[in-house]
Number of protein chains: 2
Amino acid sequence: MDKLDLRILDQLQRDTSLTNQALAEQVGLSPSACLKRVRRLRERGIVQREVAILAPDALGANLHMLVEVTMARDNKTLYGQFIKQVEAAPEVTQCYQVTGEVDFVLVVSVPNMESYDRFCDRVLDASDNVHKFRTLISRKRTKFETRLPLDI
Amino acid sequence: MDKLDLRILDQLQRDTSLTNQALAEQVGLSPSACLKRVRRLRERGIVQREVAILAPDALGANLHMLVEVTMARDNKTLYGQFIKQVEAAPEVTQCYQVTGEVDFVLVVSVPNMESYDRFCDRVLDASDNVHKFRTLISRKRTKFETRLPLDI
DNA sequence: CGTGAAATATGTATCGT
DNA sequence: ACGATACATATTTCACG
């Protein structure tokens, strides 16, 4: 992965709505050469997917919860089970497996409190593996950047 | 925003790499009608932006930190200052303003520990407003979904 | 909202470095 | 192995019904 690939990735992380022509011009390549690289980056899985980011409040109040989950036992199998449940739950938009007193941090995105309640009943309270969890209610998501730093 | 718009948004949240033609077919519209709606959704800001999601590990080890920040005083101006600093810091990929003992939760994405250290020095330790912070180190990001639930 | 034609962009083959 | 040019195919975009 050379400088040109990094330039392409940097641009695609910011905006994929440009045409291949415009992208090629930006990074200093011919359209065909640029397209070849973009396709290769997709094939290699470096570009995982291309998605639209929607305004959270345009879709009915959107509520974000940060949930710190502590498991009952440190057991790989139980961890795997929990991760599967989390992956299957559409309310969980992010899951981080962390070190320390807490085992997981979830970002849960729901339209309202009732939805969050139902999620807790269905996923967290229903699991024997979950020892306890603490919810931090987000009043506002002031930054949401999908871009990863390529250069820090 | 009717059913057709929601169907379009649902698809765009999953994948924007399809052509307008394919999208139109999916949602049951002619290409021109579909394009008009997509453009309107962009103009209204409901579609904020279109981006590529990159594989975090394809770009050198990517380390995610969850940082709980507690402010020294509950002061709107100081909060605003902190939010500005956070917005300016490329390491901070997400910021949630939360209620409870903690005031903010940040997601900080860096290539390694040294980068995180530098970030702490530059942003967190340098700010008088920050009373204390707790870092949860993520070993693994097991789920990362930008999609917001349109229907839960 | 759909149709069809003009304007643009994408994709491919080939050549040159 | 990679990029540029040119040509064929596909898509976007717009005027009109």
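Chain identifiers are assigned alphabetically (A, B, ...) following the order of the sequence lines, protein sequences preceding nucleic acid strands; residue numbering begins at 1 within each chain.
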Chemist: Do Lys140(A) and Asp57(A) sit within salt-bridge range, that is, some charged N less than 4.0 Å from a carboxylate O?
Modeler: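 Salt bridge between Lys140(A) and Asp57(A), a charged N being under 4.0 Å from a carboxylate O: no.
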Chemist: Tell me which donor-acceptor pairs under 3.5 Å the side chains of residues 122-133 of chain B have, and how far apart each pair is, sequence neighbours excluded?
Modeler:
| residue | atom | partner | partner atom | Å |
| --- | --- | --- | --- | --- |
| Arg122(B) | NH1 | Glu91(B) | OE2 | 3.0 |
| Arg122(B) | NH2 | Glu91(B) | OE1 | 3.0 |
| Ser127(B) | OG | Asn129(B) | N | 3.3 |

Chemist: Can you figure out which of dT10(C), dG2(C), dT12(C) approaches the side chain of Thr19(A) most closely?
Modeler: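 Per side-chain heavy atoms of Thr19(A), the pick is dT10(C).
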Chemist: Find the runs of at least 3 consecutive base pairs, i with j, i+1 with j-1 and so on, that include DNA chain C, using Watson-Crick or G-U wobble geometry with both distances under 3.5 Å.
Modeler: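 Stems for DNA chain C, defined as runs of 3 or more consecutive pairs: C:1-17 with D:1-17.
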Chemist: What's the CG-P distance between Leu29(A) and dT17(C), to the nearest Å?
Modeler: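 So the two atoms are 18 Å apart, to the nearest Å.
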Chemist: When the distance from CD of Gln21(A) to C1' of dG11(C) is rounded to whole Å, what number comes out?
Modeler: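 Taking CD of Gln21(A) and C1' of dG11(C), I get 12 Å after rounding.
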Chemist: Does any part of the side chain of Gln13(A), heavy atoms only, come nearer than 4.5 Å to the side chain of Leu54(B), both counted from C-beta?
Modeler: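 Heavy-atom side-chain distance check passes, below 4.5 Å.
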Chemist: Need one value for Leu4(A): base, sugar-phosphate or nothing, where a base atom within 4.0 Å counts as base even if backbone is also close, heavy atoms only.
Modeler: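 Touches sugar-phosphate only.
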Chemist: Among the nucleotides dA13(C), dT10(C), dC1(C), which one has an atom lying closest to any side-chain atom of Asn20(A)?
Modeler: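 That would be dT10(C).
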Chemist: Verify salt bridge (Lys or Arg N to Asp or Glu O under 4.0 Å) between Glu101(B) and Arg134(A), making sure each step is shown before the conclusion.
Modeler: CA-CA 11 Å; Glu101(B) 305 143 59; Arg134(A) 178 168 85 130; 3.5 Å; yes
Chemist: Just the endpoints, please: which first and last nucleotides of DNA chain D, 5' to 3', lie under 4.0 Å from a heavy atom of chain A?
Modeler: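 Boundary nucleotides touching chain A, in 5' to 3' order, are dC2(D) to dT5(D).
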Chemist: Are Gln94(B) and Tyr96(B) close enough, and set up right, to give a side chain to side chain donor-acceptor pair (under 3.5 Å), and what steps lead you there?
Modeler: CA-CA 7 Å; Gln94(B) 296 171 59; Tyr96(B) 299 86; 2.5 Å; yes
Chemist: Could you tell me how far apart Leu35(B) (CG) and dT3(C) (C1') are, to the nearest whole angstrom?
Modeler: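 The answer, rounded to whole Å, is 15 Å.
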Chemist: For the side chain of Asn20(B) and the backbone of Pro31(B), is there at least one donor-acceptor N/O pair under 3.5 Å apart?
Modeler: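 The answer is yes, because a donor-acceptor pair under 3.5 Å joins these two groups.
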Chemist: When you match Lys36(A) and Pro31(A) each to their closest nucleotide on DNA chain C, which lands nearer the 5' end?
Modeler: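 Going by which nucleotide is closer to the 5' end, it is Pro31(A).
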Chemist: Would you call Asp15(B) and Arg49(A) a salt bridge, using N to O less than 4.0 angstrom?
Modeler: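 Looking at Arg49(A) together with Asp15(B), the answer is no, because their closest N to O distance does not fall below 4.0 Å.
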Chemist: Please state whether the rings of Phe144(A) and Phe144(B) are parallel, tilted or perpendicular, taking 30° and 60° as the class boundaries.
Modeler: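 Judged by the thresholds at 30° and 60°, the geometry between Phe144(A) and Phe144(B) is parallel.
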